[in-house]
Protein chains: 2
Amino acid sequence: MHSSAEENYLKAIYKLQEANGEMVATSALAQVLGIHMASVTDMLKKMSAKKLVAYQKSKGFKLTEKGRLAAIGIIRKHRLWEVFLVDKLGFRWDEVHEIAEQLEHIHSQELIDKLDAYLDFPKADPHGDPIPDAKGNFALNKSVLLAALPPGSQGKFTGVTDHSSAFLNYLDKIGLSLGDPVKVKEVEEYDKNYTLMLKGKKAVVVSFKVANSLLISE
Amino acid sequence: MHSSAEENYLKAIYKLQEANGEMVATSALAQVLGIHMASVTDMLKKMSAKKLVAYQKSKGFKLTEKGRLAAIGIIRKHRLWEVFLVDKLGFRWDEVHEIAEQLEHIHSQELIDKLDAYLDFPKADPHGDPIPDAKGNFALNKSVLLAALPPGSQGKFTGVTDHSSAFLNYLDKIGLSLGDPVKVKEVEEYDKNYTLMLKGKKAVVVSFKVANSLLISE
DNA sequence: AATAAAAATTAGGCAAGCCTAATTTTGCAA
DNA sequence: TTGCAAAATTAGGCTTGCCTAATTTTTATT
């Protein structure tokens with residue numbers, strides 16, 4: 001079994017690879033984990049020895065297949081627990097991240113299998129992030145950033161790329177929830193503000209920063 | 001916040017005090033925690049500095065009020081999670097201890113409050129052990145050991161003092177479940193075997209060892 | 001190619017929690 | 001009361017995962 005520290009490295013490396021391509025730098029990892037580079041070098045040496053990551057001289061490192069599967073397992077646990085916290089316990093979507101960060105390190109395959117079944121095999125967490133199945137496969141979601149859509153486009157709001165409480169609360173405030181239909185009415189050239197039509201013909205104007213944090217599908 | 005190691009000490013000390021009276025010995029703690037005495041001495045020095053336990057020269061040590069409340073909080077979490085695992089996820093009563101040992105160390109007061117409400121404020125865990133409320137109070141249960149009852153007595157089976165899988169599975173096998181009525185039909189003087197009448201007029205003969213692990217109320 | 005800045009690694013340390021071995025303290029029996 | 005055994009503590013060490021400071025390697029710029 002892996003330690004919590006190792007699991008946090010695995011998750012962080014996985015996410016960095018997702019976001020920035022193949023190879024991950026020591027400095028990038030240090031930054032997202034909030035620790036010093038020397039510590040990262042240390043830990044990666046140990047994780048290399050365990051065949052969880054592979055170095056490539058002066059190019060960085062990446063997860064091995066073993067490491068990738070372990071990382072997906074942790075992400076699966078995190079997201080299932082988030083669903084539990086919101087759907088069953090009644091937490092708000094901006095409150096669950098820290099608790100799930102702890103729960104994701106509980107070691108019991110049977111627990112996760114039963115939790116998954118209890119939640120009725122959800123495909124996404126409360127922020128729209130996809131949940132891999134027990135075999136590590138994601139039901140692929142072909143969402144795009146709202147900021148990439150031209151005026152006139154429409155679709156369904158299915159995820160966020162900014163998971164901060166501040167952002168999630170902002171969405172609550174303008175009345176935008178996961179699954180809602182969204183139409184891009186107008187894009188102001190000058191400041192890139194987006195005018196959106198929401199459910200119930202409600203028009204809202206959001207900044208590019210916001211448009212760049214919303215994922216749209218369909 | 002306390003570390004998992006500290007929490008395990010707190011829980012162990014609490015249980016030893018419950019079972020054997022006030023003062024707890026280094027050796028007893030080392031034994032139940034499965035570690036060496038020197039390690040216990042180390043840790044207790046640290047926990048003393050934090051005012052979680054109080055030494056009494058050459059008499060042993062005991063929990064301070066602060067330590068007692070912390071211990072009860074951990075026991076509360078452990079038992080609530082056990083209820084969740086059995087009632088919601090469908091685990092058997094002999095399977096939940098190890099998983100709850102991990103879950104009890106999750107730090108979030110709000111999580112426990114919501115879990116408690118979600119489970120409808122249970123008063124006992126799947127083994128009949130009482131669950132303290134949010135203020136640390138146990139709804140007192142005045143159960144007695146079956147082995148202390150004379151022939152002819154009857155009551156309800158409300159708890160066990162042996163939590164091993166082997167014992168719990170044995171109870172399943174003879175068809176005895178928490179809450180069932182039990183009557184002591186006969187006690188054999190020679191070998192102290194107990195003949196019990198269970199639900200549906202089923203008679204079973206159990207050893208003294210078994211009678212000594214069953215708690216009866218009412 | 002020279003060199004400065006950025007990235008990475010090495011070296012040495014620290015706290016938590018455990019260990020073994022050695023020593024001291026305590027308690028009980030003769 | 002002595003003396004031995006059990007209990008407890010001290011001393012020194014180890015691993016994990018982090019730290020700072022110093023050094024080396026890489027990369028980018030001129």
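Naming convention: chains lettered A, B, ... in sequence-line order (proteins, then strands); numbering from 1 in each chain. These figures come from a predicted structure and were not determined experimentally.
A:Gln102 meets the side-chain hydrogen bond (donor to acceptor under 3.5 Å, both in side chains) test with no other residue; sequence neighbours excluded. Listed by chain and number, the residues in a side-chain hydrogen bond (donor to acceptor under 3.5 Å, both in side chains) with B:His163 are B:Asp129 (sequence neighbours excluded).
Summarising the geometry, the separation between CE on B:Met47 and P on C:dA16 is reported as 13 Å, rounded to the nearest angstrom. The interatomic distance linking A:Phe61 (CZ) with D:dT26 (P) rounds to 16 Å, in whole Å. Atom CD of A:Gln31 is separated from atom P of C:dA8 by 12 Å (rounded to the nearest Å). A straight line from OH of A:Tyr55 to P of D:dT25 spans 16 Å, rounded to a whole angstrom. The distance between atom CD of A:Gln56 and atom P of D:dT26, rounded to the nearest whole Å, is 14 Å. With rounding to whole Å, B:His2 atom NE2 is found 11 Å from C:dG17 atom P. Atom pair A:Leu29:CG and C:dA7:P shows a separation of 14 Å (rounding to whole Å applied). Between the C1' atom of C:dT25 and the NZ atom of B:Lys59 lies a distance of 17 Å, rounded to the nearest Å.
Residues B:His78 and B:His97 place their aromatic rings such that the two centres sit under 6.0 Å apart.
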Its contact letters, B for base, S for sugar-phosphate only and - for none at protein heavy atoms under 4.0 Å, make nucleotides 13-20 of chain D read ----BBBB
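Side-chain atoms of B:Ser108 do not come within 3.5 Å of backbone N or O of A:Ile99 as any donor-acceptor pair. The backbone N or O of B:Ala139 sits nowhere less than 3.5 Å from a side-chain atom of B:Lys123 that would complete a donor-acceptor pair.
The two residues A:Pro151 and A:Glu186 come nearest to each other via the heavy atoms CB-CA, 4.4 Å.
The side chain of A:Lys45 places an N or O atom within less than 4.0 Å of a non-bridging phosphate oxygen (OP1 or OP2) of C:dT10.
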Might you work through the side-chain hydrogen bond (donor to acceptor under 3.5 Å, both in side chains) test for A:Glu7 and A:His105, ending with a clear yes or no?
-> CA-CA 8 Å; A:Glu7 293 190 342; A:His105 300 301; 2.6 Å; yes
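Among the atoms of the strands shown, only primed sugar atoms or phosphate atoms (P, OP1, OP2) are found under 4.0 Å from some heavy atom of A:Ser27. A:Thr26 comes within 4.0 angstrom of sugar-phosphate atoms only, judged by non-hydrogen atoms across all strands, and of no base.
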